[in-house]
Protein chains: 2
Amino acid sequence: MTNGSNGQSAGAGALLAILRDGRARTRGELAELTGMSRSTVSQRLDGLIDRHWVVAGEGSISSGGRPAAVFAFNEGARVVLAADLGATHARLAVVDLGMTVRAERAMELPVDRGPEPTLERVVAAFRELLATGGYDPAQVCGIGVGLPGPVEHASGRPVNPPIMPGWHGFGVPAWLGERLGVPPAGPGRVLVDNDVNVMALGEHWAARPAVDHLIFIKMGTGIGCGIITGGRLHRGAQGAAGDVGHIRVPASDAPCRCGNSGCLEAVAGGASMAAVLREAGIEAQGGRDVVTLMRAGDLRATWLVRQAGREVGTVMASIVNFFNPSVIVIGGDIAEAGEQVLAGVREAIYSRSLPLATQHLGIRASRLRDRSGVIGAAVMVVEDVLAPAAIDQAVT
Amino acid sequence: MTNGSNGQSAGAGALLAILRDGRARTRGELAELTGMSRSTVSQRLDGLIDRHWVVAGEGSISSGGRPAAVFAFNEGARVVLAADLGATHARLAVVDLGMTVRAERAMELPVDRGPEPTLERVVAAFRELLATGGYDPAQVCGIGVGLPGPVEHASGRPVNPPIMPGWHGFGVPAWLGERLGVPPAGPGRVLVDNDVNVMALGEHWAARPAVDHLIFIKMGTGIGCGIITGGRLHRGAQGAAGDVGHIRVPASDAPCRCGNSGCLEAVAGGASMAAVLREAGIEAQGGRDVVTLMRAGDLRATWLVRQAGREVGTVMASIVNFFNPSVIVIGGDIAEAGEQVLAGVREAIYSRSLPLATQHLGIRASRLRDRSGVIGAAVMVVEDVLAPAAIDQAVT
């Protein structure tokens, strides 16, 4: 957003960026905030109103007597189709521009059947959600998708995803866009990213505006994290940033599915915890079962969850010294264990990280819980659609 | 830099940003690159020439016959005063806008005598360098300083620096600016940062333009790193990012000056290595002595240096998985051991990080060596002075 005092490049996009905080404002307030003249403000507002991004209303406060007109962001102007695909389950939602979920559906959907069978069901479910909610497909301004594997974000293509056979290089944006009437490129398009990155975007949005540097850790079958610095996703040189599940933990030689041993995932991942319980004769298929057993009072499951928190905390203690985040958010199936897992994470981080780095560090459970993914997928699209430059171009 | 096809906000700053690559260009080329009209380009160039940022010359290639005028960035238009202060030594330099060191001086300067006695010597040395080189103080467009401790970058004040008694909260920018005739705020001002951040800026500049995500590790008396992501310094929530010296290493309980034990610095820092040699009856005061002994063939010193590389590599292996950098640069006194230390770092990283993250990862010694700090301090100031918005404001 550029709203310098000279107002040189402050256009419709800058006005909309201001109004996105949800507060209605008068022409005078907007002129003052942007440095634009009142007549330019009026002209830009007309363009935004024409396209339904902004609605005009009557304010209650006025110095004269006649109430001044106020202008507000219209969160319902468009909707985003958001999909959070996990290994076996998916959550799909219709989300408005204010990130409110207008309609949603959770369903079993194993991604290992390949891209087309999986995405066909996604398309059918999206059409159903739109029809049931009475949305015109023309209101859809973009599609956001989180996938459980590495994704080349620029093209939206999965890159050798370990648990998604058949998906490598598949052009998700074009395939989905064609069937749902959304252009695969340009503002209002199909954007795809790794599930943990998308969840980090969702949690960052939920924690706004104070948090600049956030780490979201998903503790599920595997363990991975999404990194936000200066308010933006850090994807790294090969888009591989956040792959903390295979960091070596001290004093462990548990074999890992990656081919190494002693990985964090091999001691604190949901799959490995369930395997430990099965060896002890307790029925458990994955992280969800471990948490269910813990809730039922099983001491082994409780110890495993607590210890998983400590192991994650030990790895994160080093990362806190390196990265100095403002907040660490724990999500995923294991995070449903709540304080049992958070206590272990906190214990390890506070005993091993530097005082300056932990002084104001927040360590907390996901606020959006199982909606982190769909909200994050919507954030990814909405930030793209409402980027000031995109709005300037659309409203001239 | 904004140089969209509409040319709306492409001003003098955008032209200068293009010319900073060192290649001279014609009006026509600049108009094409920015989308500005030729007359706007001419007008902006006149402003830049008036202020000496750009020089005009005669090109050799022309379609007609008469050579077209070409315009080039004038690297000598201004100079920056750059200071890299270590615990006991300082390097001061006069650097031009193309980051060429025009004059420099290295000297003993212990920072533990407090800010005023230290900075008085810095001011005297800067005045001498300017006088000797025949520079007019009016040519100085800013001062950049790296300090061996935590610094609140926005204010330029050190924050509880462990080895700098008396410096906590000292207003370095105002103090230096007043004595050297440089305003403490605004473009062309005094900018101060932690030494490792400044070195990371220098190495990033030297590695440009391909490197987006760089980690610079200083292996000296202590160990710390500077982090660049998306081309910008990542300072973290409390400005404490990069403090890897106190990450716990496995299988060590060596006491550390921080009060904990098993810290990376306590096994791989120059001070701790020298202490190990002294216990064995070998005279060594710090990291430089260890490297000198290694070069003279001392086997204990060689083993220590190699092992220090492995310990740093083990810690960095986790950080590579988390951050996925494009390049890791090793600098500081211990890095002078060259391949002996790099081999240990590489060995540990390649055996423990994920293949995707190490596939294209460069691990190399500092290119600028003991000039990383002064070049980085100059980069910090020049990027500020030549920021397109600052130039647009100066040249209207």
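By convention in this document, chain letters (A, B, ...) are assigned in the order of the sequence lines, proteins followed by strands, and residues within each chain are numbered from 1.
Within residues 239-246 of chain B, the residues having any heavy atom less than 4.5 Å from a heavy atom of chain A are, in residue-number order, G239(B), A240(B), A241(B), G242(B), D243(B), V244(B), H246(B). Residues of residues 251-264 of chain B lying under 4.5 angstrom from chain A, judged on non-hydrogen atoms, do not exist. Taking 4.5 Å as the heavy-atom cut-off, none of the residues of residues 192-200 of chain A approach chain B. The stretch residues 310-327 of chain A places S318(A), I319(A), N321(A), F322(A), F323(A), N324(A), P325(A), S326(A) near chain B, each with some heavy atom under 4.5 Å from a heavy atom of that chain.
Using a 4.5 Å cut-off between heavy atoms, L354(A) contacts chain B through its side chain alone, with no backbone atom that close. Residue L361(A) does not touch chain B at all, counting heavy-atom pairs closer than 4.5 Å.
Ranked by non-hydrogen atom pairs under 4.5 Å with chain A, the options R352(B), Q359(B), R232(B) are led by R352(B).
In this structure, CZ in R235(A) is found 12.5 Å from CG in D212(B), a value given to the nearest 0.5 Å.
The ring of H234(A) has its center no closer than 6.0 angstrom to the ring center of H234(B).
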